[in-house]
Amino acid sequence: MARTLAEIKRDLQTADRAQYEVLARALAADERKGVKQALTTARRRLDAQDAEASRLQQMYEYQEHLAPGCVVAGLDEVGRGPVAGPLCVACVVLPPNPRIAGLNDSKQVPEQSRPHIAQEIKDVALAWDIQYVQPDYIDEHGMSAALRLAFSRSLAAVEAQGISVDVALLDGNPLGFDPRERNVVKGDAKCASIAAASLIAKVDRDALMCRLALDYPQYGFEKCKGYASAEHIQAIKDFGLTPVHRASFCTAWTQETLF
């Protein structure tokens, strides 16, 4: 008796690659349109899983190529460009395994998936840390100094957890914050530990901006996360600056007209 289409779909939805190949051979002579569609859907699902596994493998291999045999800390920042809220920096030391599904540059990860992946990063990491630099420091000392301070503190905090770091991989251009610094352009999409730092920093800062939105509801921080959206700029014009704004970033909307 031929198996029903529902039974075939159920098996294909959960089949791994080996199980799929067995089912595909068994169903090769089945001319039902629904069966052929189910086989195509299953093959695409497995191809996507293989591609994702390969992408993750390449992130770890690229990192190992940069620093073979070394204990590597990945560092990244979130919040360099906003006009409100602090700068956030994270540092992560990952073990060689396990691979973290979905690990990527935080900008490439769907917003709804970020908290789960960030929590998994924290669960499996050998060490991790998050540091903030507040707007008043940024206004007084500038962004480069704020970045160096935050990265230095975060790396020191990771080492205080008992990890001796050989190499500090940093996304972007050189900062010179530590002799072990190595810079990787677009590193958050290339190196596993930098991507991990990007994700946990993004999730932590976004949550902070949502909390700040409760204190300053006029500015829409829960949506703009402190960036200069049109609505945020208008709120600055209407209500002025708050203690969490970076005044030096807001002069275009706060300077009094000369005429």
Side-chain angles (χ1 to χ4, degrees), residues 41 44-67 72-83 85-126 128-132 143 147 150-151 154 158 167-175 181-210 220-229 232:
T41 299
R44 287 174 177 169
R45 172 179 63 82
L46 291 166
D47 288 347
Q49 289 177 355
D50 290 346
E52 174 64 5
S54 176
R55 185 190 66 81
L56 287 172
Q57 182 67 21
Q58 288 173 12
M59 292 182 80
Y60 281 87
E61 289 178 353
Y62 186 84
Q63 179 170 299
E64 177 62 21
H65 172 73
L66 289 175
V72 172
L75 298 104
D76 200 10
E77 56 78 20
V78 173
R80 183 196 297 248
V83 301
L87 171 71
C88 181
V89 158
C91 181
V92 177
V93 179
L94 291 175
N97 283 297
R99 301 295 189 257
I100 299 169
L103 180 64
N104 204 346
D105 169 14
S106 62
K107 296 183 291 295
Q108 303 302 318
V109 178
E111 184 175 0
Q112 66 272 17
S113 301
R114 291 173 191 158
H116 170 76
I117 299 172
Q119 186 58 55
E120 187 173 357
I121 290 166
K122 293 176 180 179
D123 290 342
V124 305
L126 299 177
W128 63 271
D129 179 70
I130 294 173
Q131 295 285 328
Y132 284 99
M143 183 55 68
L147 286 165
F151 283 130
S154 198
V158 159
V167 175
L169 292 180
L170 180 64
D171 185 37
N173 297 315
L175 275 176
E181 175 185 332
R182 294 190 194 175
N183 303 92
V184 185
V185 176
K186 297 184 179 179
D188 46 9
K190 296 177 181 178
C191 296
S193 60
I194 299 178
S198 169
L199 262 165
I200 67 169
K202 175 66 173 170
V203 170
D204 210 77
R205 188 182 186 279
D206 281 0
L208 173 63
M209 295 308 297
C210 288
F221 290 153
E222 74 282 3
K223 293 183 292 185
C224 71
K225 304 301 188 289
Y227 285 87
S229 66
H232 187 186

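All values below come from the heavy atoms of this structure, side chains included, with hydrogens, waters and symmetry mates left out.
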Check: Would Asp129 and Gln131 count as a side chain to side chain donor-acceptor pair (under 3.5 Å) if you check the C-alpha gap in whole Å, the side-chain angles of each, and the deciding distance to 0.1 Å?
Finding: CA-CA 7 Å; Asp129 179 70; Gln131 295 285 328; 3.0 Å; yes

Check [X] against [Y] and note the closest heavy-atom contact, atom names and distance.
{"X": "Cys91", "Y": "Ala73", "result": "SG-CB, 3.7 Å"}
{"X": "Ile117", "Y": "Gly102", "result": "CD1-O, 3.6 Å"}
{"X": "Leu199", "Y": "Ala118", "result": "O-CB, 4.4 Å"}
{"X": "Pro115", "Y": "Val203", "result": "N-CG2, 4.0 Å"}
{"X": "Gly187", "Y": "Asp171", "result": "N-OD1, 2.7 Å"}

Margin query: Counting only heavy atoms not in Lys223 (residues, nucleotides, ligands), do more than 12 fall under 6.0 Å from its NZ?
Written below: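 No, not enclosed.
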
Note to self: Just checking Glu111: does its CD atom have more than 12 heavy atoms from other residues, nucleotides or ligands closer to it than 6.0 angstrom?
What the structure shows: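 Open.
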
Side chain [X], main chain [Y], donor-acceptor under 3.5 Å:
{"X": "Lys190", "Y": "Val185", "answer": "yes"}
{"X": "Arg205", "Y": "Lys225", "answer": "yes"}
{"X": "Arg55", "Y": "Leu103", "answer": "yes"}
{"X": "Glu181", "Y": "Pro174", "answer": "no"}
{"X": "His232", "Y": "Gly220", "answer": "no"}
{"X": "Ser198", "Y": "Ser106", "answer": "yes"}

Please round to the nearest 0.5 Å and tell me the distance separating atom [atom1] of [X] and atom [atom2] of [Y].
{"X": "Phe221", "Y": "Ser229", "atom1": "CZ", "atom2": "OG", "value": "9.5 Å"}
{"X": "Lys202", "Y": "Ile200", "atom1": "NZ", "atom2": "CD1", "value": "14.0 Å"}
{"X": "Asp204", "Y": "Ile130", "atom1": "CG", "atom2": "CD1", "value": "3.5 Å"}
{"X": "Tyr62", "Y": "Leu169", "atom1": "OH", "atom2": "CG", "value": "9.0 Å"}
{"X": "Leu94", "Y": "Ile100", "atom1": "CG", "atom2": "CD1", "value": "5.0 Å"}
{"X": "Met209", "Y": "Glu222", "atom1": "CE", "atom2": "CD", "value": "9.5 Å"}

May I ask you to test the [X]-[Y] pair for a side-chain heavy-atom distance under 4.5 Å?
{"X": "Glu61", "Y": "His65", "value": "no"}
{"X": "Tyr132", "Y": "Leu87", "value": "no"}
{"X": "Met59", "Y": "Cys191", "value": "no"}
{"X": "Gln108", "Y": "Asp188", "value": "no"}

Extract all donor-acceptor atom pairs below 3.5 Å that involve side chains of residues 74-82 and protein atoms in other chains or at least two apart in sequence.
{"from": "Glu77", "atom 1": "OE1", "to": "Arg80", "atom 2": "N", "distance (Å)": "3.3"}
{"from": "Glu77", "atom 1": "OE2", "to": "Arg80", "atom 2": "NE", "distance (Å)": "3.4"}

Notebook entry, point to check: Checking side-chain contact (heavy atoms from CB on, under 4.5 Å) for the pair Trp128/Val93: CA distance, chi angles, key distance, verdict?
Noted result: CA-CA 6 Å; Trp128 63 271; Val93 179; over 6 Å; no

Check: Who are the side-chain hydrogen bond (donor to acceptor under 3.5 Å, both in side chains) partners of Asp123, not counting sequence neighbours?
Finding: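 Once residues adjacent in sequence are excluded, the partners of Asp123 under the side-chain hydrogen bond (donor to acceptor under 3.5 Å, both in side chains) criterion are Gln119.
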
Notebook entry, point to check: With sequence neighbours left out, what residues match Ala67 under side chain to side chain contact (heavy atoms under 4.5 Å, CB included)?
Noted result: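 Side chain to side chain contact (heavy atoms under 4.5 Å, CB included) check on Ala67 returns Cys70, Val72, Val167, Arg182.
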
Item checked: Of Leu147, Val184, Asn183, the residue whose pairing with Leu170 passes side chain to side chain contact (heavy atoms under 4.5 Å, CB included) ->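 In the set Leu147, Val184, Asn183, the residue that makes a side chain to side chain contact (heavy atoms under 4.5 Å, CB included) with Leu170 is Asn183.
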
